[in-house]
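Here's the structure we're looking at; comments come further down.
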Amino acid sequence: MCGITGWVSYDRDLRAEDATLRAMTETMACRGPDDRGTWAEGPAALGHRRLAIIDLPGGRQPMTAGTPDGTVALVYSGEAYNFTELRAELDARGHRFATDSDTEVVLRGYLEWGDEVAERLNGMYAFAIWDGRRGELVMIRDRMGIKPFYYRPTPDGVLFGSEPKAILAHPMVRPRVTLDGLRELFTFVKTPGHAVWDGMHEVEPGTVVTVGRDGLRTRTYWRLRTLPHPDDRDTTVATVRTLLDDIVRRQLVADVPRCTLLSGGLDSSAMTALAARRLAEQGEKVRSFAVDFAGQTDHFVADDLRATPDTPFVHDVARASDTDHQDIVLDADTLADPEIRRKVVRARDLPMGFGDMDSSLYLLFRSIRDHSTVALSGESADEVFGGYQHFFDEEARRADTFPWLVRFLRDFGDDAGVLRPDLARTLDLRAYVADGYRTAIGAVSRLDGESDFEFRMRQICHLHLTRFVRALLDRKDRMSMAVGLEVRVPYCDHRLVEYVYNAPWALKSFDGREKSLLREATADLLPKSVYDRVKSPYPSTQDPKYALALQEHAKDLLGRPGHPVFDLVDPERLRRLAHSDTDLGGNQAARRGLERTLDLAVWLDMYQPQIVTA
């Protein structure tokens, strides 16, 4: 797991641009605290920061291979979980290896198969290859978009990086956000390829982007496809379990300490139990970590989102799977600390977070990093197996929009509510969402004979797996890599995603509950309390001190009336929130408005972007 960056400029020799390349590379230091490396040859320059996971001494990058027709150089971020099998195949084809790293397997795989190496990889990855034989840069991203990857075309080439900050470090790039960027910032729709920053793009998941002297071309090597599902319930459940056993086995491979993220929900509990059983066969015990808030378990108040606190269920799983467990307990002052807010905004490059849920995730990962370098997460099981409340909410199902927005509006309020009324009218976020929704559902194919209801549920599943999950994966990656922690996501294995996506909704909810297939496939591993537990989202603090701290920070901001945030945010609404005598501890919409505004202010101070609102 690493941070990558680079520059291709066909009009110059980049060996003379070492200072710029190093500046871009150093923005990725948090992603790769263990080592750094740069390489340049003619029009190409590559930079790398390394978090050493496999073959600690041998996996240094950029990694090069000499050929009679030119050098092939690679910078790679991620893990290929099937690298052992690929190495054996390449060895049989005559390739010789100097290291034990999966990086070299990817490089040799490219030499053998070209960019079709992407189809052979199982894992999470974003990598760039300078092919000196052809004078081309090849950029490849994993199927689900687990690892981030950004690029910005230039008049004579391209800039790229794991994060926008690497590209923004180049002297020719000025941070600029247009109306379309603001629209993306204030709608939770995750438009494929959109990077918010003007002129910048994401390499889309499952895509190869090739840059040459004649310009840029793309090739999609993977997308969700609609296929018949011939298996009955028992076969489907058994297949899910077989896949999960294989996935967890592969993702436990590392030369550094590993752990699991445990919330006490079905997803993380099943994954932790599978990991514990696997490691027990090797005479090892799995470490597990959970987040909690000071006083939350004792003073928990159920609401529409969360019926139960996590901690009792976490402890049930820890006992049942005999994990070496630790709760990471956070207090309101730490969650609201302005310095933590700055670290979170810097990690994300944008003020589009989840408030205290971002801060707590960052703090959780920072604490875990003292003990482990790799963590397995239950992220994306809700999208794969159908776990969110809005999958079962009739209003959300029927809505002619992204279904999660129905629930968000009900539970958290309107994100655009913080904006100045004139700007909100100019942005017309409703039309932007409507256009994005029509494009998204247009990509979903229908099976012959599929009922209207089954097709609608297929559309909802597709929307989650191609839009919603990508926002959460990006959040997970940014918060974890900001502290040099690699988080793996077993439920994003493309084999599992493809198989479960094509199972009809009647199978996914055969017992009338969420995630029926996952629950049944791992029933033998779960405590009864967890087996019976209703879905509960990632926790949010209920401590009223947190909301009070937000109000104080907002009052400080209001004392700076010339701050550029008020070109975007309605100061009168902020004043009402900051001076409200009503307890905002449980008012999610009010808290989110305060958090959104404070994040925006930090971002504007930190990046000083040009905001184009005309």
Side-chain angles (χ1 to χ4, degrees), residues 3 26-31 148 150 161-169 173-177 181-188 190 194-198 200 202 330 332-366 369 412 415-416 418-419 471-485 538 540-541 546-547 549-554 556-558 560 563-569 574 591-611:
E26 287 312 295
T27 65
M28 301 286 96
C30 61
R31 299 184 71 90
Y150 294 83
S162 291
E163 298 178 3
K165 59 175 64 71
I167 297 171
L168 293 171
V173 179
R174 296 289 180 266
R176 186 173 184 265
V177 176
L182 290 176
R183 291 182 179 108
E184 189 69 15
L185 196 60
F186 283 95
T187 54
F188 197 82
K190 194 58 178 168
H194 206 303
V196 178
W197 297 102
D198 188 39
M200 203 178 297
E202 281 191 312
L330 308 174
D333 290 338
T334 306
L335 286 169
D337 185 347
E339 184 57 33
I340 298 301
R341 184 175 302 280
R342 282 190 286 272
K343 289 181 182 298
V344 167
V345 172
R346 176 63 177 168
R348 300 203 72 169
D349 287 312
L350 292 169
M352 57 190 307
F354 293 77
D356 73 296
M357 290 184 284
D358 268 358
S359 300
S360 66
L361 195 62
Y362 172 85
L363 292 164
L364 170 65
F365 289 158
R366 190 174 72 174
R369 187 61 175 87
F412 300 114
D415 257 12
V418 302
L419 295 173
L472 298 187
L473 290 171
D474 184 73
R475 167 179 176 254
K476 176 271 307 172
D477 178 89
R478 301 302 190 88
M479 295 300 100
S480 60
M481 294 307 294
V483 298
L485 177 71
Y538 181 84
S540 177
T541 182
Y546 176 73
L550 294 179
Q551 287 180 298
E552 291 304 312
H553 299 325
D556 291 341
L557 183 59
L558 286 164
R560 303 161 61 193
H563 195 285
V565 74
F566 296 114
D567 294 333
L568 303 176
V569 168
L574 182 63
R591 276 177 46 175
R592 187 164 173 80
L594 290 168
E595 289 167 332
R596 258 301 203 181
T597 302
L598 294 170
D599 284 352
L600 275 167
V602 168
W603 176 63
L604 291 166
D605 285 339
M606 189 177 294
Y607 288 85
Q608 299 183 349
Q610 178 190 4
I611 305 295

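Computed from a predicted model, the values in this text were never measured in an experiment. When reading the values below, keep in mind they use all heavy atoms of this one structure, side chains included, and skip hydrogens, waters and symmetry mates.
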Considering all heavy atoms of both residues, which atom of [X] and which atom of [Y] are nearest to each other, and what is their separation?
X: Leu574; Y: Ala554; result: CD1-CB, 3.9 Å
X: Ala347; Y: Arg478; result: O-NH1, 3.1 Å
X: Ala169; Y: Thr27; result: CB-CG2, 3.8 Å
X: Arg591; Y: Ala547; result: CG-CB, 4.2 Å
X: Cys30; Y: Ala482; result: CB-O, 3.5 Å
X: His553; Y: Ala336; result: NE2-O, 3.1 Å

Strictly below 4.0 Å, N to O, side chains only: are [X] and [Y] in salt-bridge contact?
X: Arg348; Y: Glu163; value: no
X: Asp337; Y: Arg341; value: no
X: Glu202; Y: Lys190; value: yes
X: Asp599; Y: Arg342; value: no

As an exercise, state the distance from [atom1] of [X] to [atom2] of [Y], rounded to the nearest 0.5 Å.
X: His194; Y: Arg183; atom1: NE2; atom2: CZ; value: 9.0 Å
X: Leu335; Y: Asp358; atom1: CG; atom2: CG; value: 11.5 Å
X: Leu550; Y: Glu552; atom1: CG; atom2: CD; value: 10.0 Å
X: Arg596; Y: Phe354; atom1: CZ; atom2: CZ; value: 9.5 Å
X: Glu595; Y: Leu600; atom1: CD; atom2: CG; value: 12.0 Å
X: Lys343; Y: Glu339; atom1: NZ; atom2: CD; value: 5.0 Å

- Message: Applying side-chain contact (heavy atoms from CB on, under 4.5 Å), can you list everything that pairs with Arg560, at least two apart in sequence or on another chain?
- Response: Leu557, His563, Asp605

- Task: For Gln610, check side-chain contact (heavy atoms from CB on, under 4.5 Å) against everything at least two apart and list the hits.
- Result: Arg176, Val612

Is it the case that [X] and [Y] place a side-chain donor and acceptor less than 3.5 Å from each other?
X: Asp349; Y: Tyr607; result: yes
X: Arg369; Y: Ser480; result: no
X: Tyr538; Y: Ser360; result: yes
X: Ser540; Y: Asp356; result: yes

[X] vs [Y] side-chain heavy atoms within contact, under 4.5 Å:
X: Trp197; Y: Pro175; result: yes
X: Pro148; Y: Arg31; result: yes
X: Leu558; Y: Phe566; result: yes
X: Asp333; Y: Tyr546; result: no
X: Asp567; Y: Ile611; result: no
X: Asp198; Y: Arg174; result: no

- Kindly determine whether Val177 and Leu185 satisfy side-chain contact (heavy atoms from CB on, under 4.5 Å), including the steps that lead there. CA-CA 10 Å; Val177 176; Leu185 196 60; 5.7 Å; no

- Message: Val565 vs Trp603, test: side-chain contact (heavy atoms from CB on, under 4.5 Å). Steps then yes/no.
- Response: CA-CA 9 Å; Val565 74; Trp603 176 63; over 6 Å; no

- Stepwise side-chain contact (heavy atoms from CB on, under 4.5 Å) test for Met28 and Met481: CA-CA 9 Å; Met28 301 286 96; Met481 294 307 294; over 6 Å; no

- Candidate pair Leu594 and Val418, rule side-chain contact (heavy atoms from CB on, under 4.5 Å), full reasoning: CA-CA 8 Å; Leu594 290 168; Val418 302; over 6 Å; no

